[in-house]
Colleague: 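Sharing a structure, written as structure tokens. Questions coming.
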Amino acid sequence: MTSTQAEIDRSLLGTLSVLAWIGDPEEGHDLPYLLAYSLGDGPEGREGSEKAAEALLREMRLPVGDEVLDATRNPSSFPVQVLVEGDQIALTLPGLNAACTAPPEWVAAADDHGEVYFLFGTRAWPEAVPGRPVTAEMLQAYAGDEAVLTSSAHCVLRVMRLQK
């Protein structure tokens, strides 16, 4: 007899949001970053959203911690895809999609590098609501927090484009 792991209920994540930024070009850090996170507004609250995010990453076999997976060598078989068209970013995960608008400097950096550094944070970030500005201080407080970084999945993804 064989058993299969049940797929997680993705609705428990709540709102999945995506945020794009680049490092400081003046310091030679112009790599584009893409961050996915839950607002923690799922039916089981923040704790349920965080548990659902952890379960989703396990389901996708993405390690949490300081290991950075390089998905640029075989991007079509990787469970996370990033499509950029104009200033729009579409993030595709198994059973989930999210999108955001990228600033021009992010698009330029993604074009230059051909890849993005992707983080999927398991910690909810209810302050970063889509449509409201995220300040540099807010981003640093979340994405620079050691506890957030060590509870996130980290990947380098190839930027996909629509063929013309």
Side-chain angles (χ1 to χ4, degrees), residues 8 10 12-42 44-75 78-84 89-103 105-107 109-110 112-130 132-160:
I8 67 155
R10 280 150 173 73
L12 297 176
L13 277 170
T15 304
L16 180 67
S17 295
V18 182
L19 180 68
W21 81 95
I22 64 167
D24 187 350
E26 291 181 11
E27 294 182 19
H29 303 290
D30 67 341
L31 186 65
Y33 292 87
L34 189 63
L35 170 66
Y37 58 94
S38 170
L39 294 182
D41 58 353
E44 296 180 5
R46 184 177 183 144
E47 186 176 312
S49 293
E50 291 175 357
K51 286 181 181 178
E54 292 167 2
L56 176 64
L57 293 175
R58 276 193 308 275
E59 181 183 282
M60 293 188 301
R61 295 188 172 97
L62 298 181
V64 169
D66 58 3
E67 181 180 352
V68 179
L69 296 180
D70 182 355
T72 61
R73 298 184 197 276
N74 196 4
F78 200 73
V80 182
Q81 304 286 319
V82 174
L83 175 69
V84 177
I89 302 168
L91 175 68
T92 304
L93 304 133
L96 290 170
N97 296 306
C100 71
T101 301
E105 61 272 12
W106 190 95
V107 175
D112 289 346
H113 291 278
E115 59 191 34
V116 300
Y117 191 103
F118 172 70
L119 294 98
F120 192 116
T122 62
R123 298 265 174 121
W125 193 16
E127 299 81 16
V129 176
R132 291 189 200 151
V134 172
T135 66
E137 293 78 17
M138 289 171 65
L139 179 60
Q140 178 60 36
Y142 181 82
D145 183 311
E146 180 87 17
V148 170
L149 290 173
T150 58
S151 63
S152 296
H154 302 255
C155 313
V156 178
L157 304 172
R158 180 169 294 152
V159 174
M160 311 289 239

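Here the structure is a predicted model, which means the values were calculated and not measured.
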Colleague: Is there side-chain contact between Leu91 and Asn97, with at least one heavy-atom pair below 4.5 Å?
Modeller: no
Colleague: Can you name the side-chain hydrogen bond (donor to acceptor under 3.5 Å, both in side chains) partners of Arg46, sequence neighbours left out?
Modeller: Glu50
Colleague: Mind checking whether Phe120 and Leu35 have side chains closer than 4.5 Å, heavy atoms only?
Modeller: no
Colleague: Return the CG to CZ distance between Asn74 and Arg158, rounded to the nearest 0.5 Å.
Modeller: 8.5 Å
Colleague: Could you tell me whether a side-chain N or O of Trp106 sits under 3.5 Å from a main-chain N or O of Tyr33, the two making a donor and an acceptor?
Modeller: yes
Colleague: When you look at Val82 and Ile89, which way does the side-chain contact (heavy atoms from CB on, under 4.5 Å) test go after all the steps?
Modeller: CA-CA 7 Å; Val82 174; Ile89 302 168; 3.9 Å; yes
Colleague: For side-chain contact (heavy atoms from CB on, under 4.5 Å), just list the numbers for Val156 and Val116, CA-CA rounded to whole Å, side-chain angles, deciding distance to a tenth of an Å, and then say yes or no.
Modeller: CA-CA 6 Å; Val156 178; Val116 300; over 6 Å; no
Colleague: For Ser152 and Val148, which heavy atoms make the closest approach, and how far apart are they?
Modeller: OG-O, 2.6 Å
Colleague: Please identify each residue that fulfils side-chain hydrogen bond (donor to acceptor under 3.5 Å, both in side chains) with Tyr142, with sequence neighbours left out.
Modeller: none
Colleague: Which heavy atom of Met160 sits nearest to which heavy atom of Pro75, and what is that distance?
Modeller: CE-CB, 4.2 Å
Colleague: Rounded to the nearest 0.5 Å, how far apart are SG of Cys155 and CG of Leu119?
Modeller: 8.5 Å
Colleague: Please enumerate all residues that pass ring-ring contact (aromatic ring centres under 6.0 Å, His included) together with Phe118, with sequence neighbours excluded.
Modeller: none
Colleague: Walk me through whether Thr122 and Leu57 qualify under side-chain contact (heavy atoms from CB on, under 4.5 Å).
Modeller: CA-CA 9 Å; Thr122 62; Leu57 293 175; 3.4 Å; yes
Colleague: Sequence neighbours excluded, which residues qualify as salt bridge (charged side-chain N to carboxylate O under 4.0 Å, His left out) partners of Glu47?
Modeller: Lys51
Colleague: May I ask you to decide whether Arg10 forms a salt bridge with Glu59, counting only side-chain N to carboxylate O separations under 4.0 Å?
Modeller: yes
Colleague: Quick one: closest heavy-atom pair of Ser38 and Gly40, and the distance?
Modeller: OG-N, 2.9 Å
Colleague: Within the 4.5 Å heavy-atom criterion, are Gln140 and Thr135 side-chain neighbours or not?
Modeller: no
Colleague: Please report the shortest heavy-atom distance between Val107 and Ala102, naming the atom on each side.
Modeller: CG2-CB, 3.8 Å
Colleague: List for me each residue that meets side-chain hydrogen bond (donor to acceptor under 3.5 Å, both in side chains) alongside Gln81, sequence neighbours excluded, and say none if there are none.
Modeller: none
Colleague: Looking at every non-hydrogen atom in both residues, tell me the closest pair between Ile22 and Ala109 and how far apart they are.
Modeller: CG2-CB, 3.8 Å
Colleague: Taking only residues two or more places apart in sequence, or in another chain, which ones meet Asp145 in a side-chain hydrogen bond (donor to acceptor under 3.5 Å, both in side chains)?
Modeller: none
Colleague: List the atom pairs, with distances to 0.1 Å, where a side-chain N or O of residues 12-21 and a protein N or O form a donor-acceptor pair under 3.5 Å, not counting sequence neighbours.
Modeller:
residue, atom, partner, partner atom, Å
Thr15, OG1, Asp41, OD1, 3.3
Thr15, OG1, Asp41, OD2, 2.7

Colleague: Excluding sequence neighbours, so at least two apart, what forms ring-ring contact (aromatic ring centres under 6.0 Å, His included) with His113?
Modeller: none
Colleague: In sequence, state the C-alpha distance, the side-chain angles, and the governing distance for Tyr117 and His154, and then conclude on side-chain contact (heavy atoms from CB on, under 4.5 Å).
Modeller: CA-CA 7 Å; Tyr117 191 103; His154 302 255; 2.9 Å; yes
Colleague: Let me have the donor-acceptor pairs involving side chains of residues 61-73, under 3.5 Å, with sequence neighbours excluded, atom names and distances please.
Modeller:
residue, atom, partner, partner atom, Å
Asp70, OD1, Thr72, N, 2.9
Asp70, OD1, Thr72, OG1, 2.4

